[in-house]
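Note on naming: letters A, B, ... go to the chains in the order of the sequence lines (proteins, then strands), and numbering restarts at 1 for each one.
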2 protein chains.
Amino acid sequence: MLWARETDTIAAVATPIGDGGISVIRISGEEAFLIADRGFKGKTPLAAAPSHTAHYGSFADDLGKPIDNVVAVVFRSPHSYTGEDSVELSCHGGQFVTRRILETINGFGARAAQAGEFTKRAFLNGRIDLTQAEAVADLIHSRSERAHQTSLSQLNGALSAKLSELRDKLLSSIGLIELELDFAEDGYEFTEKSRVAEQLRAAISQVDELLSSYKVGKVYRDGVSVALAGAPNVGKSSLLNAFLREDRAIVTSVPGTTRDIIEESVSLGGLLFNLSDTAGLRESTDPIEQEGVRRAEERLMNCDILLLLLDGTRPLHPAEVVSSQKLILGVEARGAACLVAINKVDLSPPEGSIFTALADAFSKHQALQISAKTLEGFARLEEELVKLALGGSVATEESGIMITNARHHSALQRARESLVLARESTLSGKSGEFIALDLRASLDALGEILGAVTTEDILNSIFANFCIGK
Amino acid sequence: MLWARETDTIAAVATPIGDGGISVIRISGEEAFLIADRGFKGKTPLAAAPSHTAHYGSFADDLGKPIDNVVAVVFRSPHSYTGEDSVELSCHGGQFVTRRILETINGFGARAAQAGEFTKRAFLNGRIDLTQAEAVADLIHSRSERAHQTSLSQLNGALSAKLSELRDKLLSSIGLIELELDFAEDGYEFTEKSRVAEQLRAAISQVDELLSSYKVGKVYRDGVSVALAGAPNVGKSSLLNAFLREDRAIVTSVPGTTRDIIEESVSLGGLLFNLSDTAGLRESTDPIEQEGVRRAEERLMNCDILLLLLDGTRPLHPAEVVSSQKLILGVEARGAACLVAINKVDLSPPEGSIFTALADAFSKHQALQISAKTLEGFARLEEELVKLALGGSVATEESGIMITNARHHSALQRARESLVLARESTLSGKSGEFIALDLRASLDALGEILGAVTTEDILNSIFANFCIGK
């Protein structure tokens with residue numbers, strides 16, 4: 001560890017804020033039992049209680065005035081979340097009572113915990129590595145099945161194991177090289193070059209595999225933003241409602257950031273899709289409508305997928321075809337995907353001339369025939385959205401180990417650069433000292449991900465994203 | 001017990017909804033361990049674990065797919081909140097994860113708990129009586145020191161003990177009367193009449209004491225609504241801000257129910273004051289302003305205290321004096337209290353003629369001289385508000401046993417009526433049978449409060465006010 005361990009006692013409400021049946025206040029640190037016992041009156045003092053036992057009692061303030069009846073669960077170091085002595089107090093979940101208890105505990109000598117400080121201590125005390133700590137926040141914020149599964153797998157050490165394995169292999173390569181260096185002065189030949197080169201090739205390929213998982217991993221973790229575009233009255237709101245109407249694992253409503261854009265989140269294929277219904281795209285001289293169009297365009301410029309909705313019962317004006325194609329080209333130029341859906345198939349038979357004309361004009365982008373009213377074609381639409389979100393691949397049940405985090409991705413890129421340099425040096429017969437230097441750099445980059453090598457600044461920026469009490 | 005005990009297993013999230021470090025899912029009922037063990041994988045099955053022990057493990061769905069790492073705390077019947085076998089699962093506090101675990105537990109055979117159902121079971125299983133069950137909800141919803149202290153005292157059985165003592169005394173009176181009835185046929189004289197009459201007098205006086213505590217008890221529990229009235233620009237908003245500016249135990253902002261009325265809650269003297277800043281009272285022809293005035297008047301008609309604010313730097317138009325006096329009379333006619341404060345004492349010296357004129361005109365209602373800007377006179381203003389809220393009495397540190405609940409108040413009134421009838425019958429020499437009948441009726445009324453005598457309807461209406469998970 002590079003940092004001084006902090007052992008002062010911290011406390012925070014670990015449950016969400018609000019009225020509920022129970023609130024939990026977490027206390028952790030050297031004086032956790034001493035501090036808790038100043039307020040807790042039960043059959044036995046908590047300091048004398050065995051680890052992993054629950055105790056009913058009352059909790060009183062510094063004047064001995066009771067605040068609430070509580071259940072205190074005792075966790076003794078190192079068998080606690082933080083690795084320190086810890087107490088979790090369950091009290092009645094009212095905001096007033098919860099706050100009074102926390103204030104009392106702070107008055108008894110506990111410091112108010114910072115965001116993520118319990119998890120930070122778990123990391124500093126070697127209970128978990130940094131990828132696992134990051135997974136805690138991801139798990140709490142997960143809003144889809146995929147986000148949940150990848151964060152849980154990372155929490156349980158799948159990524160750590162993969163990275164540790166890679167580090168072990170690189171250490172063995174370094175061992176071979178250093179063996180040669182030791183004997184170099186004796187004129188000893190470096191005969192293991194090809195073996196080291198092969199090891200490095202395998203390592204690069206493993207890093208590449210992880211790096212390539214990032215695009216999908218990011219989608220798993222953060223979801224996909226879909227901008228819904230189309231002329232007014234083409235059925236955008238009906239389409240949104242149709243997505244929300246079905247019985248899904250998770251459907252949440254997010255208030256729009258502007259009055260003009262309606263946002264909804266929906267889970268398709270285990271992925272979170274954040275759909276925005278942007279204002280119509282037609283030209284207008286009304287300043288309010290113009291502002292709506294401007295915001296819609298901004299949203300369109302930042303989406304992962306553009307879903308362009310057309311009305312199958314109304315022929316497109318040639319100018320509309322041109323502007324739609326321009327929109328698609330613009331979005332694709334940014335690397336985002338496009339999907340065209342022709343709505344109201346229930347009103348206009350697919351063989352109808354308008355439908356055929358639209359389908360022909362947008363055939364490169366599927367031109368799916370759907371009805372937001374009868375849900376015809378919806379399964380196919382959802383399937384295509386999931387496919388586009390995953391960059392053409394199909395979501396698998398078991399997703400394997402994935403990179404979901406920009407910090408990990410950037411460190412892996414640096415590890416790869418050093419590995420490539422090391423391999424080139426090996427192949428071109430450079431001195432083992434050069435090779436070992438690059439290998440050490442790549443080991444450091446991998447160590448950064450796990451938190452074996454990192455700085456207080458990096459730690460602070462990671463744990464600042466946590467909630468208080470975790 | 002009058003009701004069939006329900007022993008099926010119920011489950012609910014007991015912590016507030018939202019993202020936090022920890023969520024707690026509570027499971028209670030005959031199959032609590034069986035159901036929890038279907039998902040929980042730890043060192044030992046929970047069914048084999050001793051009561052009051054905590055167990056770390058993973059929790060998986062019906063296909064064995066892990067959902068989260070959890071800590072399960074085991075409470076064995078009867079030593080649990082409900083009196084039944086119970087498990088409390090602490091999981092990572094994300095909404096998605098929490099919901100997935102609850103859904104899985106429901107799939108394993110637990111029924112989703114209704115609002116207050118855990119506490120209802122605690123009552124039905126004889127762990128607590130009805131006044132204690134009601135105190136749980138009051139404690140959770142308490143937002144001031146007084147509300148907190150009275151609900152905690154009730155939760156810990158202070159009211160129950162008082163009522164039980166009263167019931168025991170009445171039972172002993174009934175004993176005396178029935179003794180007489182047994183010997184009546186033998187011509188035995190009822191010699192204990194004066195003793196019974198004295199017992200009943202004492203009982204009535206105790207009930208009266210409880211009844212008279214209700215007015216203050218209600219204020220302790222529910223707080224006080226204060227309508228802030230005054231012409232525009234008299235400084236109503238500044239006054240509200242001044243109340244909120246000071247460092248207080250509890251200050252919460254409640255969004256107004258209408259756009260025209262700003263509401264804020266503030267704790268003074270341990271009491272919750274709900275202040276509403278109503279729209280100005282001046283006449284207007286603007287329809288929107290008229291609507292604002294109408295709503296302000298409605299609020300004024302429903303307040304506990306009217307706080308009329310005047311501007312000490314501006315003479316009142318005689319018509320304004322009349323309309324203000326009319327307002328005060330109207331509010332007082334409803335039984336609400338009035339307090340007049342003259343603002344801007346920092347700008348206008350109190351000896352100034354305007355100030356003196358206003359103070360004279362409103363001298364019956366204190367006419368306190370204050371400054372919302374410098375806070376001059378504020379301590380006095382707050383003191384007067386607390387005094388008015390408590391009906392002239394001063395809030396004491398130890399408040400004794402209080403009635404805070406309308407249901408208790410109405411049952412006590414019925415108990416009193418029957419006691420008065422019984423006493424009259426005793427004094428007028430009526431037959432012991434009459435007296436015993438009335439005494440039984442008053443015992444039943446007291447039993448209703450404790451829940452010894454009640455109906456399913458009463459129970460349902462009580463527990464419907466609870467949150468889910470309690």
Side-chain angles (χ1 to χ4, degrees), chain A residues 12-24 26 50-56 58 65-69 71 73-75 79 81 88 90 92-97 99-100 103 118-119 136 139-145 147-149 151-153 155-156 249-250 252 466-470, chain B residues 12-24 26 50-56 58 65-69 71 73-75 79 81 88 90 92-97 99-100 103 118-119 136 139-145 147-149 151-153 155-156 249-250 252 466-470:
Chain A
V13 179
T15 42
I17 298 306
D19 282 352
I22 294 177
S23 288
V24 177
R26 190 179 254 173
S51 191
H52 289 66
T53 55
H55 304 268
Y56 179 79
S58 81
K65 195 163 154 190
I67 305 173
D68 200 1
N69 305 330
V71 171
V73 183
V74 167
F75 299 93
H79 303 293
Y81 182 72
E88 288 184 7
S90 294
H92 285 97
Q95 298 187 50
F96 185 88
V97 171
R99 180 149 47 157
R100 280 274 280 125
E103 283 168 359
F118 295 96
T119 307
V136 169
L139 185 64
I140 288 171
H141 297 130
S142 69
R143 288 174 63 211
S144 72
E145 182 61 26
H148 166 229
Q149 284 300 327
S151 57
L152 184 64
S153 134
L155 175 63
N156 286 332
I250 177 174
T252 50
F466 275 63
C467 32
I468 299 277
K470 193 70 217 180
Chain B
V13 178
T15 42
I17 299 305
D19 282 352
I22 293 178
S23 288
V24 176
R26 188 178 254 175
S51 191
H52 290 65
T53 55
H55 304 268
Y56 178 79
S58 81
K65 197 163 153 188
I67 305 173
D68 200 0
N69 306 330
V71 171
V73 183
V74 167
F75 299 93
H79 305 293
Y81 182 72
E88 288 184 7
S90 294
H92 284 97
Q95 297 188 50
F96 185 88
V97 171
R99 178 146 51 155
R100 281 274 282 128
E103 283 169 357
F118 294 97
T119 307
V136 170
L139 185 64
I140 288 171
H141 297 129
S142 69
R143 289 173 63 212
S144 73
E145 182 61 26
H148 167 229
Q149 284 300 328
S151 57
L152 183 64
S153 135
L155 175 62
N156 286 332
I250 176 175
T252 51
F466 275 63
C467 33
I468 299 276
K470 193 69 215 176

Student: On a heavy-atom basis, which atom in B:His79 and which in B:His52 lie closest, and how many Å separate them?
Tutor: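 Taking every non-hydrogen atom into account, O-CE1, 3.1 Å.
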Student: Take the angle between the ring planes of A:Phe96 and B:His148 and call it parallel below 30°, perpendicular above 60°, tilted in between.
Tutor: tilted
Student: Most heavy-atom pairs under 4.5 angstrom with chain B, which of A:Pro16, A:Gly20, A:Pro66?
Tutor: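 The candidate making the most pairs under 4.5 Å is A:Pro16.
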Student: So, using side-chain contact (heavy atoms from CB on, under 4.5 Å) as the criterion, who are the partners of A:His55 when residues are at least two apart?
Tutor: A:Phe40, A:Thr44, A:Leu46, A:Ala49, A:Thr53, A:Val74
Student: CG/A:Asp19 to NE2/A:His92 distance, rounded to the nearest 0.5 angstrom?
Tutor: 12.5 Å
Student: Taking B:Gly94, B:Gly469, B:Ala54, B:Gly18 one by one, which has the highest count of heavy-atom pairs under 4.5 Å against chain A?
Tutor: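 Of the options given, most contacts go to B:Ala54.
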Student: Between B:Asn69, B:Val73, B:Val24, B:Val97, who has the most heavy-atom pairs with chain A when the cutoff is under 4.5 Å?
Tutor: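 The option with the most such pairs is B:Asn69.
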Student: Using a cut-off of under 4.5 Å on heavy-atom pairs, state which of B:Ala147, B:Ser23, B:Ala14 scores highest against chain A.
Tutor: B:Ala14
Student: How long is the straight-line distance from NZ of A:Lys65 back to CG of B:Leu152, given to the nearest 0.5 Å?
Tutor: 10.0 Å
Student: Under the side chain to side chain donor-acceptor pair (under 3.5 Å) test, which residues partner A:Ser151, sequence neighbours left out?
Tutor: none
Student: Which pair of non-hydrogen atoms, one from A:Lys470 and one from A:Ile140, has the smallest distance, and what is that distance?
Tutor: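 In this case the closest contact between A:Lys470 and A:Ile140 is CD-CD1, 3.6 Å.
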Student: Where does A:Ile22 contact chain B at under 4.5 Å (heavy atoms): side chain, backbone, both or neither?
Tutor: both
Student: What part of B:Phe466 gets closer than 4.5 Å to chain A, counting heavy atoms only: side chain, backbone, both or neither?
Tutor: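 Neither; nothing under 4.5 Å.
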Student: Out of B:Cys467, B:Gly93, B:Ala12, B:Gly21, which one racks up the most heavy-atom pairs below 4.5 Å with chain A?
Tutor: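 Heavy-atom pair counts peak at B:Gly21.
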Student: Side chain from CB out, backbone as N, CA, C, O: work out which of these in A:Phe118 comes under 4.5 Å of a heavy atom of chain B, or both, or neither.
Tutor: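 Answer is neither: A:Phe118 stays 4.5 Å or more from chain B.
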Student: For chain B, which candidate among A:Val71, A:Asn156, A:Ile17, A:Val136 shows the most heavy-atom pairs at distances under 4.5 Å?
Tutor: A:Asn156
Student: Looking at CZ of B:Arg100 and CD of B:Gln95, how far apart are the two atoms once the value is rounded to the nearest 0.5 Å?
Tutor: 15.5 Å
Student: Between B:Thr119, B:Ile67, B:Val13, which has the largest tally of heavy atom pairs under 4.5 Å with chain A?
Tutor: B:Ile67
Student: Which bit of A:Asp68 is near chain B, if near means a heavy-atom gap under 4.5 Å: side chain, backbone, both or neither?
Tutor: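 The answer is both parts of A:Asp68.
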